[in-house]
Participant: 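Okay, here's the structure, questions in a sec.
Every chain is numbered from 1, with letters handed out A, B, ... down the list of sequences.
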Amino acid sequence: MSSLKVHNSYSKKKEEFASIIPNHVGMYVCGPTVSGESHLGHARPFITFDVIYRYLKHLNYKVRYVRNITDAGHFEEEGRAAEDKISKKAVLEKLEPMELVQKYTNLFHWAMKQFNNLDPSIEPTATGHIVEQINMIEKIIADGYAYVVNGSVYFDVKKYAGKYPYGKLSGRVLDDLLETTRDLEGQDEKHNKQDFALWKAAPPEHIMRWKSPWGEGFPGWHIECSAMSTKYLGEQFDIHGGGMDLMFPHHESEIAQSTICNKHVPARYWLHNNMITINGRKMGKSYNNVIRLTELFSGNHELLTQAYSPMTIRFFILQTHYRSTLDFSNEALQAAEKGLKRLWEAYEELQKLEFDAYKERNEELEKTFYKLCGEFDEFMNDDFNTAKVLANMFTLVSNINSLKSGNLEKTTLSADCYAYVKKQFKAYVEDILGLQDENEDKRGRLNGVLDLLIDLRKEAKSKKDYVTSDKIRNQLNRLGILMKDEKDGNISYSFEK
RNA sequence: GGUUCCGUGGCCGAGUGGCUAGGCAGAGCUCUGCAAAAGCUUCUACAGCAGUUCGAAUCUGCUCGGAACCUCCA
């Protein structure tokens, strides 16, 4: 079997993966900013790295997966009037940052559950690690790579770049940045335009503030990740993940901060997922083209012709490689929805298939099964190519359906082969790709009712009482339950979305 | 303006030198009381131009088109 290779954004090459401590992996992924609702674009990294997390576990690594919650900064709820922040109002009338943060954190967790993402091992919050951040900043100041101006602290990028390869991750050249950086708030305080804030002094109306050696303020935008990843994963860890749009300045700054404090680039492998686009454009607040997850699940958005389930979205995302852009459209989502349904039904069918003693062995067919299932591992080892895994699965779907219908003889395969295919499918469909049955809740006691109706329909059919049999089928159909006559005389059913 | 990336059939997307994934849609056939489902078959593409090569979607150059980052951003 091949070994795991990952595309490292830091070296811009595909590299053999080797963990620092054998059998253990430390992985840090930039989490959500909980000042608003997550949208479709946000779903991508969390699903991507969930699959990576699952796959590493499948490879028997003990993984510590850390994903932060950014709940500190310049907070203001989307659309909420800025006056809320003025402190003269009564406590209950004021925007309470923690309330806002709680609301969106809960919503985020709800969405992650919907997607069947596993919980990270540790989900630290920025507000819970102010002390660690302050300590780190002090260290950077002591080392001479940061300076204090009016209660704010800035990182001295120019000095850093003199000694370390600043811009390596994002392919940035310091001199170019000098030319192009636009005017930003607090620019006049910085020694150089490319410097970034480690700590910002809080103006009086700012609602989030903490005491620090430099006065009341709040942490800069990048220091939380450096502080929390160091705390929970160590000075150097294996994988750092996030969206490509975070490479600069966020991850570049993280590297600079950690390099000064810990004398290391924090992570060995930097993995970045690409963006979800809509009409070829990145989905983002500034483009005014976001579809929130709640809207997606409910279909309640002008761009949506219908609702899409969390699993449909998960499948949609996994059908393309994580480093490619993925373009949203109703057509594409509908295709994913149908594809997933077909895959899932065949998967359930497979688990029900029983081994029949040989009549005549079909070696060609067995070889095909072994090959297609074996390649799942190869494809995942090649930088987590879920798209190829799914392609193979669909080829297998045809074969499974043929076995079911008798187009292919069940008696031509060995028990070993059945067992292997079942095992691989289960491992990949459920454990690694993290797909799950969306109709589970509808099943249960409904099953018994449907079995009864199936019996009645069979009876009617055997008496050629097609009026009754059609009535049962058609009525159920109207309720979104499809009855299907199988070749062998059995009747099966499936739920429409 | 700088840096980087991309342009694959009706749509979404794999794919890095020869063997032309896969899903969805369309067409035909088979099965079937009728349907549905499923199976089989079919439609077969690599923005354009030039070059390298026995051979290119895949390498090089140019042209056109699009995007991301350079600002919070998954």
Side-chain angles (χ1 to χ4, degrees), chain A residues 12 29-33 35 38-49 70 73-74 167 170-173 175-185 194 221 241-250 252 272-277 279-287 290 315-316 319-321 323-343 345-346 349 379 385-395 397-408 461 464-466 469-470 473-474 477 482-487 491-494 496:
Chain A
K12 297 175 178 55
V29 175
C30 290
T33 301
S35 62
S38 298
H39 59 70
L40 175 58
H42 297 128
R44 170 105 101 145
F46 304 129
I47 290 172
T48 297
F49 289 101
T70 298
H74 35 244
S170 56
R172 214 81 14 170
V173 180
D175 292 343
D176 294 345
L177 288 171
L178 259 176
E179 300 302 316
T180 57
T181 303
R182 297 173 204 178
D183 284 342
L184 287 168
E185 203 185 331
Q194 328 84 314
W221 304 325
M244 273 184 186
D245 51 352
L246 295 181
M247 276 169 100
F248 191 90
H250 185 58
E252 202 68 72
H272 290 95
N273 63 275
N274 214 319
M275 301 293 105
I276 287 184
T277 58
N279 295 321
R281 249 216 143 85
K282 173 183 167 181
M283 186 175 286
K285 224 192 290 178
S286 35
Y287 295 118
V290 303
F315 177 83
F316 175 63
Q319 246 186 328
T320 135
H321 186 88
R323 302 189 66 250
S324 302
T325 53
L326 169 58
D327 201 49
F328 163 90
S329 69
N330 280 287
E331 262 186 307
L333 260 302
Q334 282 159 9
E337 181 179 84
K338 287 181 186 166
L340 172 61
K341 184 166 186 276
R342 198 159 87 92
L343 174 68
E345 283 178 11
E349 218 36 70
F379 295 154
N385 199 327
T386 53
K388 281 186 140 188
V389 171
L390 285 169
N392 269 24
M393 279 187 181
F394 275 102
T395 307
V397 163
S398 292
N399 286 323
I400 291 164
N401 285 331
S402 290
L403 284 172
K404 181 192 169 201
S405 70
N407 259 355
L408 287 172
K461 275 183 67 179
K464 296 210 191 299
D465 176 7
Y466 294 125
S469 69
D470 283 358
R473 187 182 61 197
N474 295 340
N477 203 348
L482 289 183
M483 284 218 154
K484 298 176 277 196
D485 294 349
E486 304 294 341
K487 257 186 158 175
I491 297 172
S492 66
Y493 58 85
S494 69
E496 296 199 299

Participant: Write down the partner of B/G17 under the Watson-Crick or G-U wobble criteria, each distance required to be under 3.5 Å.
Facilitator: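 None - no nucleotide pairs with B/G17, as no candidate has both distances under 3.5 Å.
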Participant: Could you give the distance separating B/G61 and B/U4 at their P atoms, to the nearest angstrom?
Facilitator: 13 Å
Participant: Rounding to the closest angstrom, what is the interatomic distance between B/C24 and B/U60 at atom P?
Facilitator: 35 Å
Participant: Check the pair A/K461, A/D485 against side chain to side chain contact (heavy atoms under 4.5 Å, CB included), reporting the backbone distance first and the verdict last.
Facilitator: CA-CA 11 Å; A/K461 275 183 67 179; A/D485 294 349; 2.8 Å; yes
Participant: Tell which nucleotide pairs with B/G9, taking only Watson-Crick or G-U wobble pairs whose two distances are both under 3.5 angstrom.
Facilitator: none
Participant: Looking at A/N392, A/T386, A/L390, which hits side-chain contact (heavy atoms from CB on, under 4.5 Å) with A/F379?
Facilitator: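 Single pass found, and it is A/N392.
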Participant: What is the distance, rounded to the nearest whole Å, between atom CG of A/L333 and atom P of B/C24?
Facilitator: 15 Å
Participant: May I ask which nucleotide in the shown strands pairs with B/C34, Watson-Crick or G-U wobble, both distances under 3.5 Å?
Facilitator: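 Its partner: none found.
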Participant: Using Watson-Crick or G-U wobble geometry with both distances below 3.5 Å, tell me the partner of B/C59, or none.
Facilitator: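 Per the H-bond distance test, B/G51.
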Participant: Consider the side chain of A/S286, meaning its heavy atoms from C-beta on, and name the nucleotide among B/A68, B/A25, B/C72 that approaches it most closely.
Facilitator: B/C72
Participant: Less than 4.5 Å apart, side chain to side chain, heavy atoms only: is that true for A/P32 and A/F46?
Facilitator: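 Yes, close enough: below the 4.5 Å cut-off.
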Participant: Do the non-hydrogen side-chain atoms of A/L326 and A/T277 ever get within less than 4.5 Å of each other?
Facilitator: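 No, side chains not in contact.
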Participant: Counting only Watson-Crick pairs (N1-N3 plus N6-O4 or O6-N4) and G-U wobbles (N1-O2, O6-N3), all under 3.5 Å, who is the partner of B/C40?
Facilitator: B/G28
Participant: Write down the protein N/O and nucleotide N/O pairs, taken from nucleotides 42-44 of chain B, whose separation is under 3.5 Å; answer none if there are no such pairs.
Facilitator:
none

Participant: In whole Å, measure the gap between the C1' atoms of B/U8 and B/G48 for me.
Facilitator: 15 Å
Participant: Starting at the 5' end of RNA chain B, which residue's closest nucleotide do you reach first, A/F315 or A/D245?
Facilitator: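 It is A/F315 whose nearest nucleotide is closer to the 5' end.
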Participant: I want to check one thing: is the phosphate of B/A68, taken as OP1 and OP2, less than 4.0 Å away from some side-chain N or O of A/Y287?
Facilitator: yes
Participant: Using only side-chain N and O atoms of A/R172, determine if any of them is under 4.0 Å from OP1 or OP2 of B/C70.
Facilitator: no
Participant: Between C1' on B/C73 and CG on A/N273, what's the gap in Å once rounded to a whole number?
Facilitator: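 Taking atom C1' of B/C73 as the reference, CG of A/N273 is at 12 Å.
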Participant: Please measure how far the P atom in B/A35 lies from the corresponding atom in B/A27, and state the result in whole Å.
Facilitator: 16 Å
Participant: Starting from C1' on B/A67, measure out to CE on A/M247 and report it in whole angstrom.
Facilitator: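 After rounding, the gap between these two atoms is 16 Å.
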Participant: Output the rounded distance in Å from NZ (A/K282) to P (B/C70).
Facilitator: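 So the NZ-P distance, A/K282 to B/C70, works out to 7 Å.
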Participant: Between B/A67 and B/G10, how far is it from one C1' atom to the other, in whole Å?
Facilitator: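 It works out to 23 Å between them.
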Participant: What does the list of N/O pairs under 3.5 Å between the protein and nucleotides 4-12 of chain B look like, with a distance for each?
Facilitator:
{"from": "B/C11", "atom 1": "O2'", "to": "A/E331", "atom 2": "OE1", "distance (Å)": "3.3"}

Participant: In Å and rounded to the nearest 0.5 Å, what is the NE2 to CE distance from A/H39 to A/M283?
Facilitator: 7.0 Å
Participant: Could you check A/L340 against A/Q319 for side chain to side chain contact (heavy atoms under 4.5 Å, CB included), going step by step and ending with a plain yes or no?
Facilitator: CA-CA 10 Å; A/L340 172 61; A/Q319 246 186 328; over 6 Å; no
Participant: Figure out the CZ/C1' separation between A/R281 and B/A67, and round it to whole Å.
Facilitator: 8 Å
Participant: Once you round it to whole Å, what is the distance between P of B/A14 and CZ of A/F379?
Facilitator: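 For the pair A/F379 CZ and B/A14 P, the rounded distance is 14 Å.
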Participant: Under 4.0 Å, counting only non-hydrogen atoms across every strand here, what does A/T277 touch: a base, just sugar-phosphate, or nothing?
Facilitator: nothing
Participant: Side-chain N or O of A/N385 less than 4.0 angstrom from OP1 or OP2 on B/G15?
Facilitator: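 Answer is yes, contact under 4.0 Å.
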Participant: Side chain of A/M275 only, heavy atoms from C-beta on: which candidate in B/C34, B/A74, B/A67 is closest?
Facilitator: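 For A/M275, the side-chain atoms sit closest to B/A74.
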Participant: For A/Y466 and B/G33, are the ring centres under 5.5 Å apart with planes inclined under 30°?
Facilitator: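 A/Y466 ring centre within cut-off of B/G33 base, planes near parallel; stacks.
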Participant: Does a side-chain N or O from A/K338 land closer than 4.0 Å to OP1 or OP2 of B/A25, or not?
Facilitator: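 The answer is yes; a side-chain N or O of A/K338 sits under 4.0 Å from OP1 or OP2.
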Participant: Need one value for A/H250: base, sugar-phosphate or nothing, where a base atom within 4.0 Å counts as base even if backbone is also close, heavy atoms only.
Facilitator: nothing
Participant: Does any nucleotide pair with B/A67 by Watson-Crick or G-U wobble geometry, both distances under 3.5 Å, and what is it?
Facilitator: B/U4
Participant: Is there a donor N/O on one and an acceptor N/O on the other, under 3.5 Å, for the side chain of A/K285 and the base of B/C72?
Facilitator: no
Participant: Give A/G242 one of three labels, base, sugar-phosphate or nothing, depending on what nucleic acid heavy atoms sit under 4.0 Å from its own.
Facilitator: sugar-phosphate
Participant: Take atom C1' in B/G66 and the same atom in B/A47, then report the distance between them in whole Å.
Facilitator: 11 Å
Participant: Side chains of A/D245 and A/K282, heavy atoms from C-beta outward: is any pair under 4.5 Å?
Facilitator: yes
Participant: At their closest point, which heavy atom of A/N273 faces which heavy atom of A/R44, and how far apart are they?
Facilitator: ND2-CG, 3.5 Å
Participant: What's the gap between B/C6 and B/G17 when it is taken at their P atoms, as a whole Å value?
Facilitator: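 15 Å, rounded to whole Å.
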Participant: Report the distance from atom CG of A/N330 to atom P of B/C24, rounded to the nearest whole Å.
Facilitator: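 Atom-to-atom, A/N330 to B/C24, this comes out as 18 Å.
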Participant: Answer whether the closest heavy-atom distance between the side chains of A/R342 and A/N401 falls below 4.5 Å.
Facilitator: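 With C-beta onward as the side chain, the pair touches.
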Participant: Give a yes or no on whether a salt bridge exists between A/K341 and A/E345, defined as a side-chain N under 4.0 angstrom from a carboxylate O.
Facilitator: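 The answer is yes: the pair qualifies as a salt bridge.
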Participant: Grab the two heavy atoms, one from A/A336 and one from A/F316, that are nearest each other, plus how far apart they are.
Facilitator: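 Between these two residues, the closest heavy atoms are CB-CB, 3.9 Å.
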Participant: Using side chain to side chain donor-acceptor pair (under 3.5 Å) as the criterion, list what pairs up with A/N330, not counting sequence neighbours.
Facilitator: A/T305, A/Y308
Participant: Do A/T325 and A/M244 have side-chain heavy atoms sitting under 4.5 Å apart?
Facilitator: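 A/T325 does not reach A/M244 side chain to side chain.
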Participant: Among B/A74, B/G33, B/G15, which is the nearest nucleotide to the side chain of A/K388?
Facilitator: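 Of all the options, the side chain of A/K388 is nearest to B/G15.
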Participant: For A/M393, answer base if it contacts any base atom (sugar-phosphate contacts may also be present), sugar-phosphate if it contacts only those atoms, and nothing otherwise; contact means non-hydrogen atoms under 4.0 Å.
Facilitator: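 Since no nucleic acid heavy atom lies under 4.0 Å of A/M393, the category is nothing.
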Participant: By salt bridge (charged side-chain N to carboxylate O under 4.0 Å, His left out), which residues pair with A/E349, not counting sequence neighbours?
Facilitator: A/K352, A/K404
Participant: Nucleotides 36-40 of chain B: which of its N/O atoms have a protein N/O under 3.5 Å away?
Facilitator:
{"from": "B/A36", "atom 1": "N1", "to": "A/D485", "atom 2": "O", "distance (Å)": "3.0"}
{"from": "B/A38", "atom 1": "O3'", "to": "A/N401", "atom 2": "ND2", "distance (Å)": "2.9"}
{"from": "B/G39", "atom 1": "OP1", "to": "A/R342", "atom 2": "NH1", "distance (Å)": "3.2"}
{"from": "B/G39", "atom 1": "OP1", "to": "A/N401", "atom 2": "ND2", "distance (Å)": "3.1"}
{"from": "B/G39", "atom 1": "OP2", "to": "A/R342", "atom 2": "NH1", "distance (Å)": "3.2"}
{"from": "B/G39", "atom 1": "O2'", "to": "A/N407", "atom 2": "ND2", "distance (Å)": "2.5"}

Participant: Please report the distance separating the C1' of B/A25 from the corresponding atom of B/U42, rounded so that it comes out in whole Å.
Facilitator: 14 Å
Participant: Could I get the full list of side chain to side chain donor-acceptor pair (under 3.5 Å) partners for A/R323, not counting sequence neighbours?
Facilitator: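 Here the qualifying residues are A/H7.
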Participant: For the pair made of CZ in A/F394 and C1' in B/A14, what is the distance, rounded to whole Å?
Facilitator: 13 Å
